[in-house]
Amino acid sequence: QVQLVETGGGLVQAGGSLRLSCAASLRIFSTYNMGWFRQAPGKEREFAAAIRRRGGGTLYADSVKGRFTISRDNAKNTVYLQMNSLKPEDTAVYYCAASTEWGLIWSINGMDYWGKGTLVTVSS
């Protein structure tokens with residue numbers, strides 16, 4: 001059974017940093033492209049960042065570019081999201097997701113597996 005488990009969420013002041021982790025029980029983790037999505041209260045889930053199977057490329061939403069960094073450790077079956085210069089509008093539940101296809105990595109419908117999410121709250 002595939003499991004993606006996110007950790008690292010919490011409460012932080014504006015301007016602060018958090019590092020999210022996602023541990024995956026995927027059989028061959030390195031064959032999956034990994035993404036982070038987020039869903040703010042009352043809003044739809046949106047793409048934040050993604051990384052290719054072997055870390056050879058990344059993609060970011062404009063709203064997080066320059067502040068967030070996605071990385072992965074295939075030996076640990078883990079993907080990370082380093083979030084710096086956090087803003088109140090970054091407040092959301094952050095979800096980890098996995099996909100075998102890169103072409104739709106930005107799309108909710110393009111993901112094969114999802115975690116249950118971790119809450120990030122940024123106070124002003």
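L4 and W106 fall into different hydrophobic clusters, where Ile, Leu, Val, Met, Phe, Trp and Tyr residues are linked whenever their side-chain heavy atoms come under 4.5 Å apart, directly or through other members. A single hydrophobic cluster is not seen to contain both I105 and W36; linkage of ILVMFWY side chains at heavy-atom distances under 4.5 Å, directly or through other members, places them apart. Under the 4.5 Å side-chain heavy-atom criterion for ILVMFWY residues, no single connected hydrophobic cluster contains both F29 and M111. Hydrophobic cluster membership differs between V12 and Y80, with clusters built from Ile, Leu, Val, Met, Phe, Trp and Tyr side chains linked at under 4.5 angstrom. At a threshold of 4.5 Å between side-chain heavy atoms, the hydrophobic network of Ile, Leu, Val, Met, Phe, Trp and Tyr places V79 and Y95 in two separate groups.
Taking both residues in full, the closest heavy atoms of L11 and S123 are given as CD1-CB, 4.3 Å, listed atom of the first, atom of the second, then distance. Pairing each heavy atom of L20 with each of G9, the nearest pair is CD2-N, 3.6 Å. Pairing each heavy atom of A23 with each of T78, the nearest pair is CA-OG1, 4.2 Å. Of all non-hydrogen atoms in S17 and S85, the two that sit nearest each other are OG-N, 4.4 Å.
Within the model, atoms SG of C22 and CG of N77 stand 10.0 Å from one another, a figure rounded to the nearest 0.5 Å. Of the inter-residue distances, the one linking S107 atom OG with R45 atom CZ reads 12.0 Å to the nearest 0.5 angstrom. Put simply, CG on L18 and OG1 on T118 are 9.0 Å apart, with the number rounded to the nearest 0.5 Å. From Y32, atom OH reaches atom CG of N74 across 13.0 Å, with rounding to the nearest 0.5 Å. Note: E89 CD to S124 OG = 10.0 Å, rounded to the nearest 0.5 Å. For the atom pair R67 CZ and T69 OG1, the distance stands at 11.0 Å (nearest 0.5 Å).
A salt bridge links E46 and R38; the closest N-O separation between the charged side-chain nitrogens and carboxylate oxygens is under 4.0 Å. Salt bridge annotation for D90-K87: absent, with no cationic side-chain nitrogen under 4.0 angstrom from a carboxylate oxygen.
Here the side chain of E6 pairs a donor or acceptor atom with the backbone of G117 at under 3.5 angstrom. Between the side chain of T121 and the backbone N or O of T91 there is no donor-acceptor pair closer than 3.5 Å. For the pair S99 (side chain) and G110 (backbone), a donor-acceptor distance under 3.5 Å is present.
Between Y94 and F68, the angle of the ring planes lies from 30° to 60°, which puts this pair in the tilted group.
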Before you tell me yes or no, could you show the steps for W114 and C96 under side-chain contact (heavy atoms from CB on, under 4.5 Å), namely the whole-Å CA-CA distance, both residues' side-chain angles and the distance that decides it to 0.1 Å?
CA-CA 6 Å; W114 291 89; C96 172; over 6 Å; no
What pairs of donor and acceptor atoms, side-chain ones from residues 52-60 against any protein atom, are under 3.5 angstrom apart with sequence neighbours left out?
{"from": "R53", "atom 1": "NE", "to": "T31", "atom 2": "O", "distance (Å)": "2.8"}
{"from": "R53", "atom 1": "NH2", "to": "T100", "atom 2": "O", "distance (Å)": "2.4"}
{"from": "Y60", "atom 1": "OH", "to": "I70", "atom 2": "N", "distance (Å)": "2.9"}

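Residues I108 and Q39 are not in side-chain contact: their nearest non-hydrogen atoms beyond the backbone lie 4.5 Å or more apart.
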